[in-house]
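Note sheet for the following structure.
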Amino acid sequence: MKPKVIVHGGAGEIPDEHINNHIIGCETAINIAWEILNEGGDATSAVEAAIKHLEDIPEFDAGKGSFLNTEGFVEMDAMIMNGKDLNIGSVAGITRVKNPIQLAKQIMQNNEHNMLFGTAALNFARLKHLEERDPEWFVTEYTHKIWNTNQTDSNMYGTVGCVALDSYGDLCAGTSTGGTKNQQPGRIGDSPLVGCGAYADNLTAGVSSTGNGEDIMKVVLSKLAADLTAIEESAQDASKEAINIFQERTDSQAGLIMIDSQGEISCSYNTPRMSRAWINEKGQIESRV
Ligand code: GLY
C-alpha cells in the first residue's frame, strides 16, 4: 500500500510573525515522517517522529513553547493510537518530559494501562529514560509574555498532530499540546482523551483534532469524523461534516486532519487559520496555513 501522511501545527489565530515557522515546522515534520514511511517504517514511528519534531519548535503549543498555566509552568497532554489493534497510549498533565509524544508511545507499547497522569507518568518516563528538562526550559519569550499579561483568550489552539498510513495498511494518529493560555493547574484538555484529541481505526480512519478542548470533548470530534467516513462519500466530506456538526452543536472552533482507510487525506476547520503539511499524490510536499 502507498504510504500517506499529514501533520498539523494547530488551528486558530496563528500570529503573522509565526506563520513562516509554522510552515517550515510542518514541512520538516512531514519530511521526517515521509522518510520513515518510505523506508518501510511503521505509522507509529512516523507519527512519533513528526510530533517530536513539532514539540521541539517553540512556535507550537506543545513541548517547548507550551502555554503556561496560571502558576507559570507548563502541563502537557499527548496521545497516540494505532488503527490495527486499537491500542492507545495517553499522558495528561505531564511536566519536565521533553517530548510527551514519546511518553505516550511508551505507555501504548510498554504499559498495561492506556493513560497515565502527573507524577506517576513522570516516574514511568524516568523508568524509560526519556529526556527531561527543567520547567524553565519550556518557557519562551512569547509564552512568558502571554502569562505575564494574563491573556486567556482561547482563539489560538497550537496543538500539534500527525496521522499516517504505512505500507502495511496500518493507520496511526497522534496529538500533543500544552493546553490553553493561562489554564488552571490540573486542567486536562481534549488532546489525551481517546476519540477527542485523536482516534485511529483501520476500518474507518485516523484523525487528529485541534481547537477548543472543552467543546471538542462534547462531540468526541476525532471519533465523530472517523465514523462519518462510513456514510459520507469521501474523507473530505466526512471531515467537513464533522466540523459542521461540531459548530452547530457547540458554536465553537476546531480543526482536524484525517486519513481514511482508503488512504484519502483530508483537513477541515472553522478557525481563521490552520497550519498543516502533507504529501500529495505526486509525492510532493504541500503546506497551507
Ligand atoms: N485542544 C487543546 C486543548 O484544548 O487543550
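In each ligand, atom 1 is the first atom listed, and ligand 1 is the first ligand listed. The structure presented is a predicted model; accordingly, all values stated were derived computationally and were not measured.
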* State whether a side-chain donor-acceptor pair under 3.5 Å links Gln253 with Thr271. => no
* Based purely on interatomic distance, does Gly189 place a nitrogen or oxygen under 3.5 Å from a nitrogen or oxygen of ligand 1? -> no
* Determine whether any heavy atom of Arg187 lies closer than 4.0 Å to an atom of ligand 1. => yes
* By number and element, which atoms of ligand 1 are closer than 4.0 Å to a non-hydrogen atom of Thr159? -> 1 (N), 2 (C)
* Under 6.0 Å between ring centres, would you say that holds for Phe60 and His18? -> no
* Ionic contact status for Glu55 with Lys98, cut-off 4.0 Å -> no
* Asked: Is the shortest N/O to N/O distance between Asp190 and ligand 1 below 3.5 Å?
  -> yes
* Asked: Do any N/O atoms on Gly213 end up under 3.5 angstrom from N/O atoms on ligand 1?
  -> yes
* Do Gln247 and Asn244 touch side chain to side chain, with heavy atoms closer than 4.5 Å? -> no
* To do: Verify whether one side chain among Thr177 and Thr159 offers a donor that lies under 3.5 Å from an acceptor in the other.
  => yes
* To do: With heavy atoms of Gly179 as the reference, note each atom of ligand 1 found under 4.0 Å away.
  => 5 (O)
* Can you find a side-chain donor-acceptor pair between Ser191 and Thr175 that sits under 3.5 Å? -> no
* To do: Decide whether Thr28 and His53 meet the rule of one side-chain donor and one side-chain acceptor closer than 3.5 Å.
  => yes
* At under 4.0 Å between heavy atoms, which part of Met76 makes contact with ligand 1: side chain, backbone, both or neither? -> neither
* Can you find an N/O atom of Asp77 closer than 3.5 Å to an N/O atom of ligand 1? -> no
* Atoms of ligand 1 close to Gly211 [distance to a heavy atom under 4.0 angstrom, numbered from 1] -> 1 (N), 2 (C), 4 (O)
